[in-house]
Colleague: 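A single structure is presented below for examination.
Residue numbers run from 1 in the order of the sequence given.
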Amino acid sequence: MSDPTDLSDDVLQWPPYGLAQADKQALLLREMNRLTALHEANCAPYRTVLEKFHFARPASSMADIPMLPVRLFKHEKLLSVPPADVVKTMTSSGTSGQSVSQIFLDRHTALLQTKVLSRIVGDLIGPKRLPMLVIDCRATVADRYRFSARTAGIQGFSMFGRDVEFALDDDMSLNTDRVRAFLDKHAGQPILMFGFTFVVWLHLVLALEAAGETLPLEHGILIHGGGWKQLLSQAVSPEEFRRRIGGVTGLARVHNYYGMVEQTGSIFVECEHGCQHASSWSDVIIRDPVDFGVLPPGRRGLIQLLSVIPHSYPGHSLLSEDEGELVGIDDCPCGRKGAYFKIHGRIQNAETRGCSDTYTA
């Protein structure tokens, strides 16, 4: 077996969406069992969970990989490395009074996040860094040592941009003069845009509509993420979001991504046909909320997320509090292999936790 502290180079060379599900799961199972053994040996609370619930090790299938409820990270500090090796502490989004998850990264895990995210985003925008417009304010990334999910998202995606500009002033008002100057500077070029869903909606779409203005962003590629709860409460569907933003910016390439700070780097990007895709370095299983059995395509249940990235903490297999359904495997019209799915929102009585949701809470 390879060094249990390292993700083998051949894994990082996998095509982002080029592995058929059966082939991918055989490769992933090896890595997931290796991570389970790594965390069992180095994280006492995780070892206690495995022993208490009698999880079989090694797992014989992806569905048998031990999973932790994502909420556990709000109540326990889970580490598989010495505290002195932690170089970054990331926190989940949370409204006032809520507990937040703390995710501890060593240098190795932070590097893996960057490498995998780079391969996933490169599939979407190409190999070159693009002029980048962030739909947020510069003050959001001011703290270099404690990273919220929103801060981490902006900084993570900024590595794919050049000449990064912020569309909003620090009071969160849209600075159309600055945006227009940026667009004039890069006229005719593809523009990478990034922002959290409700921030984009409130401070770009609604702000432009209220002012009766438009921005020439027809060459833009928008990647947005975070919670949808606030938009759904206003009866704004993903289709409505795309239609309205297209009306004021001319944007045609709009891609939502699904992910969580507990598995940063392992994002599930929406394709041209409106489905989220698991990359070669992650997978998704839909679980029955009653008995946690595996559900077939077309059945709604809890989303389990699996990732080969988390090495400094036991976050490689997590049961989320989000509801979704598997749409299909290997046969999406976009051509990407693997599992693809849709998200239907938070389960009833779950805390608001998405970056966009907690921004307004």
Colleague: Taking atom CE of Met132 and atom CZ of Arg129, what is their separation to the nearest 0.5 Å?
Modeller: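 Met132 CE to Arg129 CZ: 10.5 Å, rounded to 0.5 Å.
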Colleague: Quick one: hydrophobic cluster around Tyr340, which other residues, with the 4.5 Å side-chain cut-off, linked directly or via members?
Modeller: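 Its cluster mates, by chain and number, are Val327.
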Colleague: Which residue pairs pass the salt bridge (charged side-chain N to carboxylate O under 4.0 Å, His left out) test when at least one of the two sits in residues 303-316, sequence neighbours left out?
Modeller: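 The answer is none; no pair qualifies.
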Colleague: Could you tell me which non-hydrogen atom of Leu251 sits nearest to which non-hydrogen atom of Ile221, and how far apart they are?
Modeller: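 Heavy-atom minimum between the residues: CD2-N, 4.2 Å.
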Colleague: Can you find a pair of side-chain heavy atoms, one from Leu105 and one from Val86, that are under 4.5 Å apart?
Modeller: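 The answer is no; the side chains never approach within 4.5 Å.
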Colleague: Minimum heavy-atom separation for Thr36 to His316, with atom names?
Modeller: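 What the structure gives for the nearest pair is OG1-NE2, 3.0 Å.
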Colleague: Carefully, step by step, assess Phe194 and Phe160 under the rule ring-ring contact (aromatic ring centres under 6.0 Å, His included).
Modeller: CA-CA 10 Å; Phe194 175 78; Phe160 309 112; 9.8 Å; no
Colleague: Donor-acceptor pairs under 3.5 Å, side chain of residues 43-50 to any protein atom, not counting sequence neighbours: which ones?
Modeller:
{"from": "Arg47", "atom 1": "NH1", "to": "Glu40", "atom 2": "O", "distance (Å)": "2.6"}
{"from": "Thr48", "atom 1": "OG1", "to": "Ala44", "atom 2": "O", "distance (Å)": "3.1"}

Colleague: Between atom CG of Leu130 and atom CE of Met193, what is the distance when rounded to the nearest 0.5 Å?
Modeller: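 Answer rounded to 0.5 Å: 12.5 Å.
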Colleague: Has the side chain of Asn175 got a donor or acceptor atom that lies under 3.5 Å from a matching backbone atom of Arg178?
Modeller: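 A pair under 3.5 Å: yes.
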Colleague: Identify, with sequence neighbours excluded, every residue that meets salt bridge (Lys or Arg N to Asp or Glu O under 4.0 Å) alongside Arg138.
Modeller: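 Checked Arg138 against salt bridge (Lys or Arg N to Asp or Glu O under 4.0 Å); matches are Glu165.
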Colleague: I want to check something: taking the side chain as every heavy atom from C-beta on, are Leu295 and Arg287 in contact at a cut-off of under 4.5 Å?
Modeller: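 No - every pair of side-chain heavy atoms lies 4.5 Å or more apart.
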Colleague: Any side-chain heavy atom of Asp322 within less than 4.5 Å of one from Leu302?
Modeller: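 Not in contact.
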Colleague: Side chain of Asp288, backbone of Val290: donor and acceptor closer than 3.5 Å?
Modeller: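 Side chain of Asp288 to backbone of Val290, a donor-acceptor pair under 3.5 Å: yes, one is there.
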Colleague: For Trp281 and Val11, indicate whether the former's side chain and the latter's backbone hold a donor-acceptor pair under 3.5 Å.
Modeller: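 Here the side-chain-to-backbone pair exists.
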Colleague: Using a distance-only test with no angle check, is there a side-chain donor-acceptor pair under 3.5 angstrom linking His39 and Ser80?
Modeller: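 There is such a pair (donor and acceptor under 3.5 Å, judged by atom type) between the side chains of His39 and Ser80.
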Colleague: With the side chain counted from C-beta on, respond yes when Cys275 and Phe341 share a heavy-atom pair under 4.5 Å apart, and no when they do not.
Modeller: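 Cys275 vs Phe341: side chains apart.
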Colleague: Remaining members of Leu111's ILVMFWY cluster at a side-chain heavy-atom cut-off under 4.5 Å?
Modeller: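 Joined to Leu111, directly or through intermediates: none.
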Colleague: What are the two closest non-hydrogen atoms of Lys24 and Ser279, and how far apart are they?
Modeller: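 Scanning both residues, the minimum pair turns out to be NZ-O, 2.9 Å.
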Colleague: Applying side-chain hydrogen bond (donor to acceptor under 3.5 Å, both in side chains), can you list everything that pairs with Glu218, at least two apart in sequence or on another chain?
Modeller: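 None.
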Colleague: Step through it carefully: locate the ring centre of Phe241, locate the ring centre of His224, and say whether they are under 6.0 Å apart.
Modeller: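 Between His224 and Phe241, which both carry aromatic rings, the centre distance is below 6.0 Å.
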Colleague: Go through the structure and list residues passing side chain to side chain contact (heavy atoms under 4.5 Å, CB included) with Ala211, not counting sequence neighbours.
Modeller: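 So Ala211 forms a side chain to side chain contact (heavy atoms under 4.5 Å, CB included) with Glu213.
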Colleague: Calculate, to the nearest 0.5 Å, the distance between atoms CZ and NZ belonging to Phe104 and Lys88 respectively.
Modeller: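 If I round to the nearest 0.5 Å, the distance is 14.0 Å.
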Colleague: Look up atom CZ in Arg30 and atom CG in Leu35, then write down how far apart they are to the nearest 0.5 Å.
Modeller: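 Reported to 0.5 Å precision, the distance equals 11.0 Å.
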Colleague: Would you call Phe182 and Ile191 a side-chain contact if the rule is heavy atoms closer than 4.5 Å?
Modeller: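 Yes. Closest side-chain heavy atoms under 4.5 Å.
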Colleague: Could you pull out the closest heavy-atom pair between Leu305 and Tyr258, with the gap in Å?
Modeller: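 Nearest pair, atom of Leu305 first, then Tyr258: CD2-CE2, 3.8 Å.
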Colleague: His219: which residues meet the side chain to side chain contact (heavy atoms under 4.5 Å, CB included) condition with it, sequence neighbours left out?
Modeller: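 Once residues adjacent in sequence are excluded, His219 has no partner under the side chain to side chain contact (heavy atoms under 4.5 Å, CB included) criterion.
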Colleague: List in chain and number order the residues that pass side-chain hydrogen bond (donor to acceptor under 3.5 Å, both in side chains) with Asp106, two or more places apart in sequence or in another chain; answer none if no residue qualifies.
Modeller: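 So Asp106 forms a side-chain hydrogen bond (donor to acceptor under 3.5 Å, both in side chains) with Thr109.
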Colleague: Between the side chains of Thr91 and Gln102, does any donor sit under 3.5 Å from an acceptor?
Modeller: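 Per modelled atom types, Thr91 and Gln102 side chains form no pair under 3.5 Å.
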Colleague: Checking side chain to side chain donor-acceptor pair (under 3.5 Å) between Arg336 and each of Asp330, Asp123, Asp331, which is the one that passes?
Modeller: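 Exactly one option meets the side chain to side chain donor-acceptor pair (under 3.5 Å) with Arg336, and it is Asp123.
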Colleague: For residues His75 and Arg71, report the shortest heavy-atom separation together with the two atoms involved.
Modeller: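 What the structure gives for the nearest pair is CD2-O, 3.3 Å.
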Colleague: Considering non-hydrogen atoms only, spot the tightest contact between Gly156 and Leu117 and give its length.
Modeller: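 Smallest heavy-atom distance, with atoms named: O-CD2, 4.1 Å.
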Colleague: Less than 4.5 Å apart, any side-chain heavy atom of Leu319 and any of Leu68?
Modeller: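 No - every pair of side-chain heavy atoms lies 4.5 Å or more apart.
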Colleague: Not counting sequence neighbours, list each pair that qualifies as a salt bridge (charged side-chain N to carboxylate O under 4.0 Å, His left out) and has a residue in residues 199-210.
Modeller: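 Found Glu209-Arg244.
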Colleague: Taking atom CZ of Arg107 as the centre, report whether more than 12 heavy atoms of other residues, nucleotides or ligands fall under 6.0 Å from it.
Modeller: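 No, because the 6.0 Å sphere around CZ of Arg107 holds 12 heavy atoms or fewer from other groups.
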Colleague: Got a sec, which residues hit side-chain hydrogen bond (donor to acceptor under 3.5 Å, both in side chains) with Asn33, two or more places apart in sequence or on another chain?
Modeller: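 For Asn33, no residue satisfies side-chain hydrogen bond (donor to acceptor under 3.5 Å, both in side chains) once neighbours in sequence are set aside.
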Colleague: Please list, chain by chain and in numerical order, all residues satisfying side-chain hydrogen bond (donor to acceptor under 3.5 Å, both in side chains) with His186, sequence neighbours excluded.
Modeller: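 side-chain hydrogen bond (donor to acceptor under 3.5 Å, both in side chains) check on His186 returns Asp163.
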Colleague: Regarding Gln304 and Ser317, do their side chains bring together a donor and an acceptor under 3.5 Å, going by distance alone?
Modeller: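 There is such a pair (donor and acceptor under 3.5 Å, judged by atom type) between the side chains of Gln304 and Ser317.
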Colleague: One pair to check against side chain to side chain contact (heavy atoms under 4.5 Å, CB included): Leu204 and Leu215. What are the steps and the verdict?
Modeller: CA-CA 10 Å; Leu204 179 66; Leu215 287 170; 4.1 Å; yes
Colleague: Nearest 0.5 Å please: distance from the CD1 atom of Ile65 over to the CG atom of Leu28.
Modeller: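 That separation rounds to 9.0 Å.
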